[in-house]
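Side chains are part of it too, since the values below use all heavy atoms of this structure and drop only hydrogens, waters and symmetry mates. Below, read A as the first sequence line, B as the second, and so on, with proteins coming before strands; counting in each chain starts at 1.
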2 protein chains.
Amino acid sequence: MVDLNISALQSRQAPADREPGAQPEPIWDIIELLFFAYRDFVGDPDDALARFNFGRAHHRVLHFVNRNPGMKVADLLDILKITKQSLGRVLKQLVDQGYIVQKEGANDRRQRLLYATGKGEALAMRLANLQTERISRALAELGPGAHENARQFLIAMINVENRSQAMKLTARSDQKRKSIP
Amino acid sequence: MVDLNISALQSRQAPADREPGAQPEPIWDIIELLFFAYRDFVGDPDDALARFNFGRAHHRVLHFVNRNPGMKVADLLDILKITKQSLGRVLKQLVDQGYIVQKEGANDRRQRLLYATGKGEALAMRLANLQTERISRALAELGPGAHENARQFLIAMINVENRSQAMKLTARSDQKRKSIP
DNA sequence: CAGAATATGTCAATATGGTTGACCTAAATA
DNA sequence: TATTTAGGTCAACCATATTGACATATTCTG
């Protein structure tokens, strides 16, 4: 049980008068709520993944491959911002266990284009459904416009130089269904 | 450069007609934006921490101790949801290097109450200021009410059983300043 | 008061997911 | 032909987490 002996529960304060040059008061609530919300958000898939002996790294790879059939390894590295050695380990396991296949690029035969198999797509969708349950429960608690508000807030939180990438990736509800059986 | 050869950029779709019993389409945009936003959000402190040979684990510990002066070790474990062995390592480093002190509880002498030192508070505030810069830039891009909208969305994303804890912790803008010199 | 429960710390082994650096092949390109 | 690019791989290492066992001091309870 957590009881931190809180002296008062006043709400978010207006910007206080500060000495010139001093930092404004940190936005504690958003800082901490992001921590708690993200922890619970990734917690759902974690539990499911553990039963496959997979971890978060596998989830991220499978997710983006499922969402972007035929993507290049280099694209995945750029999205995940990890090294190819780090990707290599989890990607190899996903390929060996039949969740992802790699196909030689038609134009450029050096490329190993990535596709989720039927099995891979099934797992990716199962994990996405878990997270969607949480999100739709949350959005349903709030008023209309909550989805759009959340979307805009999250976009604004992304580094400017990463935004167009993120928006390109997420703006596609016309999801191609190209998993390999 | 990421170019996934996107065929169309249509916006979020209305809930499509589905076969009965089928899952609704996953809420891809929020799922992915949370990943990108959180990655950049924790990226700012990561860079600063690296110069102290500290990592994210140190940040989390220092943050909550700074925000909750005199908290018990057990409270910290409950917030972070890690084991005491895992906490032990980073906490020891923070204590050894003078960022945190532990004081015997006045009522219960088994407790080791945690306080940030002046040095610890300075680092915690520096990291919080980095994250606050990002948040206020984001909120400023959006309309009025963005702070409250974001707050409510994030709260709604937290597990119901964790919400009261999160709200108690974050609702205190009346931050006690109790760091030990 | 004796014994149980609690708060905290510690040792050891192990897993996951990340890093750097070096080096390799095959294919495309200048 | 020479260089660059896409991708893979080996090896060492690091940070952060886990489980399980056990130790100490203190408080609580019958």
Side-chain angles (χ1 to χ4, degrees), chain A residues 1-4 35 39 42-43 45-47 49-63 65 70-96 100-115, chain B residues 1-4 35 39 42-43 45-47 49-62 65 70-97 100-115:
Chain A
M1 220 51 353
V2 173
D3 180 359
L4 290 163
F35 168 74
R39 190 193 50 190
V42 295
D46 279 0
D47 298 340
L49 286 157
R51 295 196 287 273
F52 292 78
N53 285 312
F54 285 152
R56 265 179 221 183
H58 302 85
H59 183 194
R60 293 196 283 259
V61 169
L62 183 58
H63 172 94
V65 170
M71 74 189 307
K72 292 184 290 178
V73 170
D75 291 336
L76 193 46
L77 290 174
D78 191 60
I79 290 171
L80 299 177
K81 303 236 193 289
I82 57 175
T83 58
K84 64 178 170 177
Q85 295 90 326
S86 199
L87 172 61
R89 191 178 7 194
V90 294
L91 182 55
K92 190 173 190 316
Q93 292 177 298
L94 287 166
V95 169
D96 288 351
I100 288 179
V101 288
Q102 298 180 279
K103 291 170 68 89
E104 199 170 71
N107 299 341
D108 187 336
R109 291 170 47 225
R110 292 171 302 181
Q111 298 173 349
R112 297 297 129 86
L113 306 184
L114 303 170
Y115 296 87
Chain B
M1 220 50 354
V2 174
D3 179 359
L4 290 163
F35 168 74
R39 190 192 52 189
V42 295
D46 278 359
D47 298 340
L49 286 157
R51 293 196 288 273
F52 292 79
N53 285 313
F54 285 153
R56 264 178 223 184
H58 303 86
H59 183 194
R60 292 196 283 257
V61 169
L62 182 58
V65 171
M71 75 189 305
K72 293 184 289 177
V73 169
D75 290 337
L76 193 47
L77 290 174
D78 191 60
I79 289 171
L80 299 177
K81 304 236 192 290
I82 57 176
T83 58
K84 65 178 170 178
Q85 295 89 328
S86 198
L87 172 62
R89 183 177 38 92
V90 295
L91 183 55
K92 189 172 190 314
Q93 292 176 299
L94 287 165
V95 169
D96 288 351
Q97 297 179 45
I100 288 179
V101 287
Q102 299 181 277
K103 292 168 68 89
E104 198 171 71
N107 298 342
D108 186 337
R109 292 169 49 221
R110 291 170 302 182
Q111 298 173 350
R112 297 297 130 85
L113 306 183
L114 302 170
Y115 297 86

Asker: Output the rounded distance in Å from CD (B/Gln102) to P (D/dA25).
Answerer: 16 Å
Asker: Picking from D/dT18, D/dG7, C/dG18, which would you name as closest to the side chain of A/Ile82?
Answerer: C/dG18
Asker: Test side chain to side chain contact (heavy atoms under 4.5 Å, CB included) on B/Gln85 and B/Arg89; report intermediate values, then the result.
Answerer: CA-CA 7 Å; B/Gln85 295 89 328; B/Arg89 183 177 38 92; over 6 Å; no
Asker: Do A/His58 and A/Phe52 make a side-chain contact, defined as non-hydrogen atoms from C-beta onward lying under 4.5 Å apart?
Answerer: no
Asker: Rounded to the Å, how far apart are A/His59 NE2 and C/dG17 P?
Answerer: 13 Å
Asker: For B/Gln102 and B/Val73, work out which heavy atoms get closest and say how close.
Answerer: NE2-CG2, 4.3 Å
Asker: Round to a whole Å and report the spacing from CZ of B/Arg89 to P of C/dG9.
Answerer: 15 Å
Asker: Below 30° counts as parallel, above 60° as perpendicular, anything between as tilted: where do the rings of A/His63 and A/His59 land?
Answerer: perpendicular
Asker: Rounding to an integer number of Å, can you tell me how far A/Leu76 CG sits from D/dG8 P?
Answerer: 10 Å
Asker: Verify the contact: side-chain N or O of A/Arg56 to OP1 or OP2 of C/dG17, cut-off strictly under 4.0 Å; return yes or no.
Answerer: no
Asker: When you check the phosphate oxygens OP1 and OP2 of C/dG17, does a side-chain N or O of A/His58 lie under 4.0 Å from one of them?
Answerer: yes
Asker: Among C/dG18, D/dG20, D/dT9, which is the nearest nucleotide to the side chain of A/Lys84?
Answerer: D/dT9
Asker: So which of residues 105-112 of chain A are in contact with DNA chain C, with a heavy-atom cut-off of under 4.0 Å?
Answerer: A/Asn107, A/Asp108, A/Arg109, A/Arg110
Asker: Are any of B/Thr83's side-chain N or O atoms less than 4.0 Å away from OP1 or OP2 of D/dT18?
Answerer: yes
Asker: From the list D/dG8, D/dT9, D/dT16, which nucleotide is the closest neighbour of the side chain of A/Val73?
Answerer: D/dG8
Asker: C/dG17, D/dT16, C/dT20: which one has an atom nearest the side-chain heavy atoms of B/Val90?
Answerer: D/dT16
Asker: How many Å lie between CG on B/Leu87 and P on C/dG9, as a whole number?
Answerer: 8 Å
Asker: B/Leu91 has an atom CG; how far is it from atom C1' of D/dA17, in whole Å?
Answerer: 16 Å
Asker: Counting heavy atoms from C-beta on, name the nucleotide in D/dA15, D/dG20, D/dG7 closest to the side chain of B/Gln85.
Answerer: D/dG20
Asker: Assess whether side chain to side chain contact (heavy atoms under 4.5 Å, CB included) is satisfied between A/Ile79 and A/Met71, documenting all intermediate values.
Answerer: CA-CA 11 Å; A/Ile79 290 171; A/Met71 74 189 307; 3.7 Å; yes
Asker: Assign A/Gly55 to base, sugar-phosphate, or nothing according to its heavy-atom contacts below 4.0 angstrom with the strands shown.
Answerer: sugar-phosphate
Asker: Quick check: on DNA chain C, is the nucleotide nearest B/Lys92 upstream (toward 5') of the one nearest A/Lys81, or the reverse? Name the residue that is more 5'.
Answerer: B/Lys92
Asker: Measure from CD on A/Gln93 to P on C/dG18 and round the result to the nearest Å.
Answerer: 12 Å
Asker: Go through A/Val61 and A/Ile100 one step at a time and tell me if the side chain to side chain contact (heavy atoms under 4.5 Å, CB included) criterion holds.
Answerer: CA-CA 10 Å; A/Val61 169; A/Ile100 288 179; 3.9 Å; yes
Asker: Within a reach of under 6.0 Å around NZ of A/Lys92, are more than 12 heavy atoms found that belong to other residues, nucleotides or ligands?
Answerer: no
Asker: Between atom CZ in B/Arg60 and atom P in D/dA15, what is the gap in whole Å?
Answerer: 15 Å
Asker: Is there a side-chain contact between B/Leu94 and B/Val65, using heavy atoms and a 4.5 Å cut-off?
Answerer: no
